[in-house]
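One structure is given here, and the rest of the page talks about it.
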Amino acid sequence: MADIFDEVKEDLRAERTKQLFNRYGGLLAGLALLAVVAVAGVQGWRWWQGRTAMAAAEGYLAAARTNSEQGTDAAAAAGRFAAVAAEAPPGYRVLARLRAAALRAEAGERDAALAEWDAIARDGSADATFRDLATVLWGTHALDKDDTAAAVEARVAPLAEGNGPFRASAAEVRALAALKRGETGAARRGFQALAN
């Protein structure tokens with residue numbers, strides 16, 4: 001007798017399961033399909049990002065190799081790095097822009113280099129470390145102009161007073177700016193603080 005009740009209970013459970021599957025089966029299948037598509041989309045995005053980063057790395061290294069050859073024109077090398085920056089993801093973009101600006105300065109295109117360093121320093125999408133580096137490089141090269149010493153010192157002052165990685169370089173730029181303005185005492189104190 002107990003077997004009959006067990007069979008009836010099992011049939012009822014099977015019937016309820018069938019009704020639930022008929023009612024919600026399409027929804028469950030849709031959710032499963034959506035999960036598979038989402039995972040495939042994430043994996044595809046990661047693959048594409050990796051591929052883009054690899055292409056940027058190869059382009060950057062090719063430009064660096066070409067630049068390291070004897071007799072390479074600095075202006076042409078700057079153009080190659082600028083081309084890499086135009087197509088690269090954010091990290092390589094900033095590195096290539098920094099290198100292109102340095103090569104422009106080396107080629108005698110100081111105003112173009114200053115403009116690029118200034119643009120990087122003000123670029124909110126760039127990492128703060130790269131922005132600070134661009135500010136220090138801008139300040140170092142902007143001191144060549146006659147009327148910029150006070151502006152350079154004011155701009156690098158926050159970097160010299162903080163605990164950032166470029167505080168010593170910024171302090172040096174400040175001391176050079178003081179020297180440029182003819183304030184030898186302030187420059188001496190700045191250099192002495194660096195030496196200590």
Side-chain angles (χ1 to χ4, degrees), residues 53 56-69 72-196:
E58 289 171 358
Y60 186 89
L61 290 174
R65 273 192 295 272
T66 302
N67 181 51
S68 67
E69 295 173 358
T72 301
D73 179 32
R80 284 189 286 278
F81 279 104
V84 169
E87 298 177 10
Y92 278 105
R93 181 180 313 129
V94 175
L95 287 175
R97 289 174 67 193
L98 285 168
R99 190 68 185 122
L103 287 165
R104 285 191 179 104
E106 185 180 315
E109 301 173 10
R110 186 176 50 89
D111 291 337
L114 289 173
E116 186 63 28
W117 282 319
D118 185 50
I120 295 167
R122 297 179 191 283
D123 184 358
S125 67
D127 186 78
T129 303
F130 292 133
R131 291 194 313 260
D132 292 349
L133 174 61
T135 300
V136 169
L137 290 169
W138 173 86
T140 302
H141 290 82
L143 283 173
D144 293 341
K145 292 184 176 183
D146 292 330
D147 59 344
T148 60
V152 168
E153 187 172 1
R155 186 158 170 193
V156 300
L159 298 177
E161 295 167 2
N163 288 328
F166 301 108
R167 71 177 174 272
S169 297
E172 182 181 3
V173 171
R174 285 180 76 185
L176 288 170
L179 190 63
K180 178 88 171 171
R181 286 193 317 272
E183 298 174 7
T184 55
R188 185 177 291 118
R189 285 188 299 277
F191 289 129
Q192 188 61 49
L194 284 169
N196 291 339

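Quick note: residue numbers are just sequence positions, from 1.
- When all heavy atoms of A187 and A175 are compared, the closest pair comes out as CB-O, 3.4 Å.
- Shown here for A160 and A170, the closest heavy-atom pair between the two residues is N-CB, 3.5 Å.
- Not counting sequence neighbours, the partners of D123 by the salt bridge (Lys or Arg N to Asp or Glu O under 4.0 Å) test are R97.
- Applying the side chain to side chain donor-acceptor pair (under 3.5 Å) test to pairs two or more places apart or on separate chains, those with a residue in residues 161-171 are E161-R174.
- For the atom pair L98 CG and L137 CG, the distance stands at 7.0 Å (nearest 0.5 Å).
- Rounded to the nearest 0.5 angstrom, D73 CG and E106 CD are separated by 9.5 Å.
- Note that the CG atom of N67 and the CZ atom of R80 stand 7.0 Å from one another [nearest 0.5 Å].
- To the nearest 0.5 Å, atoms CG (D127) and CG (D132) are separated by 9.0 Å.
- For the salt bridge (Lys or Arg N to Asp or Glu O under 4.0 Å) test, no residue two or more places apart in sequence or in another chain qualifies with E87.
- The side chain to side chain donor-acceptor pair (under 3.5 Å) analysis of residues 183-196, with sequence neighbours excluded, yields the pairs R181-E183, Q192-N196.
- The side chain to side chain contact (heavy atoms under 4.5 Å, CB included) with H141 is formed by just one residue from the set V173, V136, L114; it is L114.
- Side-chain contact between F81 and L95: absent, with no pair of heavy atoms (C-beta onward) separated by less than 4.5 Å.
- In terms of the salt bridge (Lys or Arg N to Asp or Glu O under 4.0 Å) criterion, residue partners of R122 (sequence neighbours excluded) are, by chain and number, D118.
- In terms of heavy atoms, W117 sits closest to A101 at NE1-CB, 3.5 Å.
- E58 pairs by the salt bridge (Lys or Arg N to Asp or Glu O under 4.0 Å) definition with nothing, not counting sequence neighbours.
- Taking CH2 of W138 as the reference point, atom CG of L143 lies at 8.0 Å (rounded to 0.5 Å).
- For the pair T72 (side chain) and S68 (backbone), a donor-acceptor distance under 3.5 Å is absent.
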